[in-house]
Structure formats: structure tokens, C-alpha cells
Asker: 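Before I ask anything, let me first share the structure, which is written out below as C-alpha cells.
Scope of the values below: all heavy atoms of this structure, side chains included, with no hydrogens, waters or symmetry mates. A, B, ... follow the sequence lines: proteins, then strands. Residue 1 opens every chain. Since we're looking at a predicted model, the values are computed, not measured.
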2 protein chains.
Amino acid sequence: MNIRIKWLRDQLKSMELEGMIVSNPINVRYLTGLEEEGILVIAPKENVFLTDSRYIESVNHKLTIEDEIVAYDVKNMSKYDYEVFFMCANDIGFEEKYVTYEIYKKYLQTYQVNLVETEGMIENHRMVKDETEISYIQKACEITDDTFEFVKNSLRYGMTEKELSFEIEKFMIQHGADGLAFDTIVAFGENTSMPHAVPTNRQLQSGDIIQLDMGARYKGYCSDFSRVIFVDYRKNEYEDSYQFVLEQQQKIVNAFKNGVNLKQVIKDRETDYHLKNFSVMHSFGHGVGMEIHEEPFLSSKMDVHLKENFVIAIEPGVYKAGKFGIRLEDTYQITKDSCIKLGKSGKNDSIISLKR
Amino acid sequence: MNIRIKWLRDQLKSMELEGMIVSNPINVRYLTGLEEEGILVIAPKENVFLTDSRYIESVNHKLTIEDEIVAYDVKNMSKYDYEVFFMCANDIGFEEKYVTYEIYKKYLQTYQVNLVETEGMIENHRMVKDETEISYIQKACEITDDTFEFVKNSLRYGMTEKELSFEIEKFMIQHGADGLAFDTIVAFGENTSMPHAVPTNRQLQSGDIIQLDMGARYKGYCSDFSRVIFVDYRKNEYEDSYQFVLEQQQKIVNAFKNGVNLKQVIKDRETDYHLKNFSVMHSFGHGVGMEIHEEPFLSSKMDVHLKENFVIAIEPGVYKAGKFGIRLEDTYQITKDSCIKLGKSGKNDSIISLKR
């Protein structure tokens, strides 16, 4: 049995649960390596992957005897087959953060057990990355660094946000990414004022601020990265916000290491914002892994102690409605006594002069 | 108030519900036009969009007085503010097919009401498309047709599934699509045996079968389209399955029109499959609209009477494990007395000779 399923079984035992239904596809992939649609049933006597005829062939290709996972095609299963999994069992864990109310009711009927909330147990375990996971995230960061260099050399007057965002995707995929970690944000000028701007046909011009927010996906793992570029010169009105955001990111980095409660660090940042009369428009960051946004979320409401090998994106931003926004973001690894940037891109040279 | 929210309010009244919490972002977009994250609360006295500081600016930009929707930033709301929405109300609808068990419990606490399942009421209403929706789907089909022509002219020996899938995405976006309707499936040769194949580095060679499954997204609406191409010649072993799939699609098209119960039509197709000893690996199709897969699903278990202006993808397929698969798919509009293909691509000329 693989080490992650072993961990899960120990976990369940300590919670006095006799099994678990794992429905979140990210968690299923984390535990089994399988990307195919299906659910993982941790039953007292076996580990079962329930899938359908579309996937059964590729699933059986991937699973080996060492996995100790049996794949079933749900079409061949009877009501009784389901009940047999948890025969004589009472309390079975389920993922209340993923399962819809409708599916919850279906599970109750199908498995005839008491379903117990597991409070994001697997998601919380995923916060600590192993060596392989970190190497994948590092590779995703590397592809993103290369993409940023490419972007700096590709800028030209008149290009649109959409064009640039498309070039970014193409470059990432041609340079080793499985795909994008998320839809790329490219915003020019006044469009930067919206943190979640969608690329438009707005054309690039001199004096513009460019907001990039992009990431690559490599072997299922993500990177997250944001930069601003000032075209030809930096307007005076941007100066104060830019320096502030730079400073805020650095303050978080300086404070983060194994054992630190992120709550207090973020509370201090919020105080800095309030003193400047800036509003906090979004969280200061989040975990990064198989999901682009995962636990822990950097909010003053989250009472989370950082641990070695958490991987976290730190992304403070400042937004002036209708005018502009500035957000900087890098992906970091928490270590015993520091917080290490996984990418290489610096934050100097933010002003880029274009050829006429 | 817009016509869709008016419809929803009438619907709620007929179900003796005093309001509804709409959480599914597709349904929120359908009802309000808003793409921003947030939930729509249909309260007795007002329509409320609950969003956060990241989106409040763009939401307020889009909403007009005619919308009769008030947007709130959740950060500025108290426990009491939430309770006020449904003050004196008892039964409030919610989306049990979308809301997780965790959120369900949160809603109970937050709104202090009895939450009632609405059984996909909005999804069911979305099955009948209006003129504008059909025009968007038609445009998405047009882009997909153009992409298919492009693909036929782009094939060359040695190109990989990944390369072709990337070229498809690029072409779609450069020719008017907002994006892909779903991740493109490109499979060559033996890889076609998996209905949900993910593009690999497998290279194209003479005698290969190519399975394409692709769609464009235009103004939020999807197209869905599958074809097979035989490179240089069609192997004898493909012949029977290919003719069978062609025939199955045509039989469904011939049977579908306003008023027909899709259950019986699909049951007849299943019989054809069993007589041939072919297995039914996936449903025969599905509704297409804001989602690539939506109601109704073409299964012999679905007791659904087709109505005018349903838009449906019909996609029979045959798969031989480890050997090959063949799937054909087009997007159709149900009319009073027929079923009209929305795209223009034919199914002749499936054999394409490549230049050496």
C-alpha cells in the first residue's frame, strides 16, 4: 500500500472512523496518482476505486499490485455491492467541504452508514510537501521565470491584453508546462485596478502599468507569480503604492518560518494598510500545490502555525478604484528558520523602455 | 427586474418558497449576467448579490437600475444583516446539487431559515435556449467548423497529439473564441480507445485514426464537436465501427424533435449496441449551453421530453480496448418537428492523404 493511503488509514483509526469516502478528485489524485474520474473508498478490508467504463481501461493500466487498490466499473455494481464495503461498520468519514448536499444524501442511502465530517483532513496533510512535490513546484516556477523573461522581450506598443495572455500560455506549454495553473491575468493601465481582471482588447501604450499574474502547471503542481511592469517610465502616482507593496511582501517573508503563527504576521500587515488608508482587497496569499489556491490561506482569521515544507504564495496588493492596482507575488517554501523564494525572478528593472 | 429573475420569482411562488439562495456561478451568471464571484440572494423584498472587495467595483460597473439587484461587499455585513434578508420567512430554496454539505450547514446558521431542495429548477429552465443564446452557440459552432478545416490542412507526419491540441486552441482564440469550451481531446491510433484520452507526445503516422473532440466558448456559450480522421487510408478493422457510429448518430437525429421522450430513443440505440456486441461506454449525448455538459443527459434512465430550442450534442461512440475508438459528435437544436445541426462540417472526406 502506498505511504499516503497508509497515513490516511492511521488517521482514520485515530479518529475512530472505520473507513472514508474520498470524493475530491485532487485528494484522490494525491492519494492514488489517478487522474481519472472516480471516488476512492477506503473500506475496512480494501481500497476501492469506483470509476466508469470511460476510464476503467486507463485506470487498470496505471494501477499495480503494490498500490493495493481495486478498480470497479460502477455499471457492474449492485446495491448490495455498495453495502458490502462497510458491512458492520458504523462511522465513515466523508469530505463535507467537497460533497454536495445531494451527493451526501445519496451516500447515506447507498452505503447505509453514519457519515462523519473529516474537516479537511487530507487538504491539511497536503500543506506539507515532500521532496518530489517541491521539485515539481520548483520546475513550475522555473517555467514561469522563463515566461517572464519572454514577456519582457515581447512587449510592443499596441499589443492587446488578450494577445499577451495568449503568448504567455503558448510559451509555457512550449517550454515544459502541462498547462496553465490558472487563467492568466494581463491588465494594462486603468484595468489593473481590478484584482481579477480578465484580458481585454485594451492596447498597450507608453506610461502604462502592466499587471501580470500567471503560473505554470507541471506534473500536476502549480506556481503562482505576479509582477508589475511600467512601460517607459513610472508615473509619480504609482510610486508610493509600489514601494508599499514591495515592503509588505518583504515583511511577510522576513517573518515567515517554521512555527510562526501566520495570523499575527497578517494582522500586522493589516495595521500597516489601515495606517496608510489602503484597503485590503484580498488575502495576502495562500498555499500552492496541486491546487493553485489551497490551505493555508494568509488571513488574520486563520490560526495556522507554519511548518517546514509548506509552499506558499505571498501576494500583497494595493488598488485604487478606476485608476490602477499593483500586486507582487512569489511562491515560497517555508523552512526551519526562513522562507525561501522558489523562483528566481527579481523585482528590480520594473521599468521597461519599448522600441518606437 | 430582468425577465429571468422574474421567472424565478414566479417559480418560487408556485413552490411556496419565500426566497432562494443561488450559489452555482453558472446559474448566477444566467440570472444576472455577472461573472464575478458571489451568490445571489432572492429575498422577499430585494435581489441581492453578495460579493467581496475584489469584485465590488466591476459588479457595480455592470449593474444598472433596471437590474434591481443590490450588490453588497460581505466584509461590511453583520450577522444581523444576513438574518434580515429572510426576516419572517420560513422556507427558502437552495441548490442541493451545487452547495456542499459544509456550506449547507453554514447557510442554515447564517440565514436562520428552513432550506428546501429545488431539484435543479434553474438548470432545467436553462435547457430551453432563447434566440440570443442560440446565436452564441451557433457562433461557437462556426468557430469550431473553421478550426476543423484548419486541422485538416495542418496535419503532418510526426506531429504529436499535444502539438495538434495546442494548434487547435490557438486557432480558436485567434478566430473569435473567448476560450475553449473544454480541454481538447486529440488522440492518435491506439490512444483513441480511451474516450477521455489526454493528449500525449504520440506522433502521427500513416494509417492512424485521429480522434478529435473539441469546442469553442463564445460569450459564455459552448459548442461540442467530435470527428475521426483516417490518415491516408481507412483500415478494414475500422470500417464496421465507423459505419455503425455514423448510423447511430443519424438514427437519433431522425427521432429527435419537440415532444419526443429521449428515453425510448436511447433505449433503442442501446439495443442496437447489444445486438452488435458493442458496449455503451458513455452517454449518447447531453445538453450544451453555458456548460459543456448540462441537462438533459441522453440516457435511457432519463425520462425527459424534448422541447423546442433545447440544444443537444449527440455523440455515439464505439471503443475496442487497447485498439481504437470512434466517436462522432455534433451540436443540434431541437425544433417543432426536427433536429437541426448547428455546425456546418460534414462527415464525408474522413480519409485525408498527407504529403510525404
Asker: Under the 3.5 angstrom rule, does the side chain of B/Lys75 hit a backbone N or O of A/Val280 as a donor-acceptor pair?
Answerer: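 Yes, B/Lys75 side chain to A/Val280 backbone: donor-acceptor pair under 3.5 Å.
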Asker: For chain B, find which of A/Ser193, A/Gly325, A/Pro199, A/Gly317 contributes the most heavy-atom pairs closer than 4.5 angstrom.
Answerer: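 Of the options given, most contacts go to A/Ser193.
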Asker: Is B/Phe166 in contact with chain A via its backbone, its side chain, both, or neither, using a 4.5 Å heavy-atom distance?
Answerer: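 Answer is side chain: those atoms of B/Phe166 sit under 4.5 Å from chain A.
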Asker: Under a 4.5 Å heavy-atom cut-off, does chain B meet the side chain of A/Tyr98, its backbone, both or neither?
Answerer: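 Interface part for A/Tyr98: backbone (N, CA, C, O).
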Asker: What part of B/Ser279 is in contact with chain A, defined as an atom under 4.5 angstrom from a non-hydrogen atom: side chain, backbone, both or neither?
Answerer: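 Contact with chain A involves no heavy atom of B/Ser279 at all.
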Asker: Might you confirm whether atom NZ of A/Lys267 has over 12 heavy atoms from other residues, nucleotides or ligands at distances under 6.0 Å?
Answerer: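 Open: at most 12 neighbouring heavy atoms sit under 6.0 Å from NZ of A/Lys267.
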Asker: Roughly how far, to the nearest 0.5 Å, is CG of B/Asp178 from NZ of A/Lys162?
Answerer: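 CG of B/Asp178 is found 6.0 Å from NZ of A/Lys162.
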Asker: So how far is it from B/Glu102 CD to A/Thr100 OG1, rounded to the nearest 0.5 Å?
Answerer: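 So the gap between those two atoms works out to 13.5 Å.
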Asker: Does the separation of the ring centres of A/Tyr101 and B/Phe94 fall below 6.0 angstrom?
Answerer: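 When the ring centroids of A/Tyr101 and B/Phe94 are compared, they turn out to be within the sub-6.0 Å range.
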Asker: Is it the case that more than 12 heavy atoms not belonging to B/Lys106 sit under 6.0 Å from its NZ atom?
Answerer: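 No, the 6.0 Å shell around NZ holds no more than 12 heavy atoms from other groups.
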Asker: Relative to chain B, which of A/Pro195, A/Ser58, A/Gly322 shows the most heavy atom pairs under 4.5 Å?
Answerer: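 Between A/Pro195, A/Ser58, A/Gly322, the count favours A/Pro195.
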Asker: Looking at CD of A/Glu169 and CD of B/Glu169, how far apart are the two atoms once the value is rounded to the nearest 0.5 Å?
Answerer: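 The CD atom of B/Glu169 is 4.0 Å from CD of A/Glu169, to the nearest 0.5 Å.
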Asker: With rounding to the nearest 0.5 Å, note down the distance linking CZ in B/Arg54 to NE2 in A/His282.
Answerer: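 So the gap between those two atoms works out to 8.5 Å.
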Asker: What I want to find out is whether B/Lys105 reaches A/Glu117 closely enough, with some N-O distance under 4.0 Å, to be called a salt bridge.
Answerer: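 Yes, this pair counts.
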Asker: What distance separates B/Glu35 CD from A/His196 NE2, expressed to the nearest 0.5 Å?
Answerer: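 The distance works out to 13.5 Å.
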Asker: Between B/Glu57 and A/Met194, is there a donor-acceptor pair closer than 3.5 Å when you use the side chain of the first and the backbone of the second?
Answerer: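 Not a single qualifying donor-acceptor pair exists.
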Asker: Tell me if the CG atom of B/Asp146 is crowded by more than 12 foreign heavy atoms within 6.0 Å.
Answerer: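 Yes, the 6.0 Å shell around CG holds more than 12 heavy atoms from other groups.
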Asker: Of the backbone (N, CA, C, O) and the side chain (C-beta and beyond), which part of A/Tyr319 lies under 4.5 Å from a heavy atom of chain B, both, or neither?
Answerer: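 Nothing of A/Tyr319, per the 4.5 Å heavy-atom cut-off to chain B.
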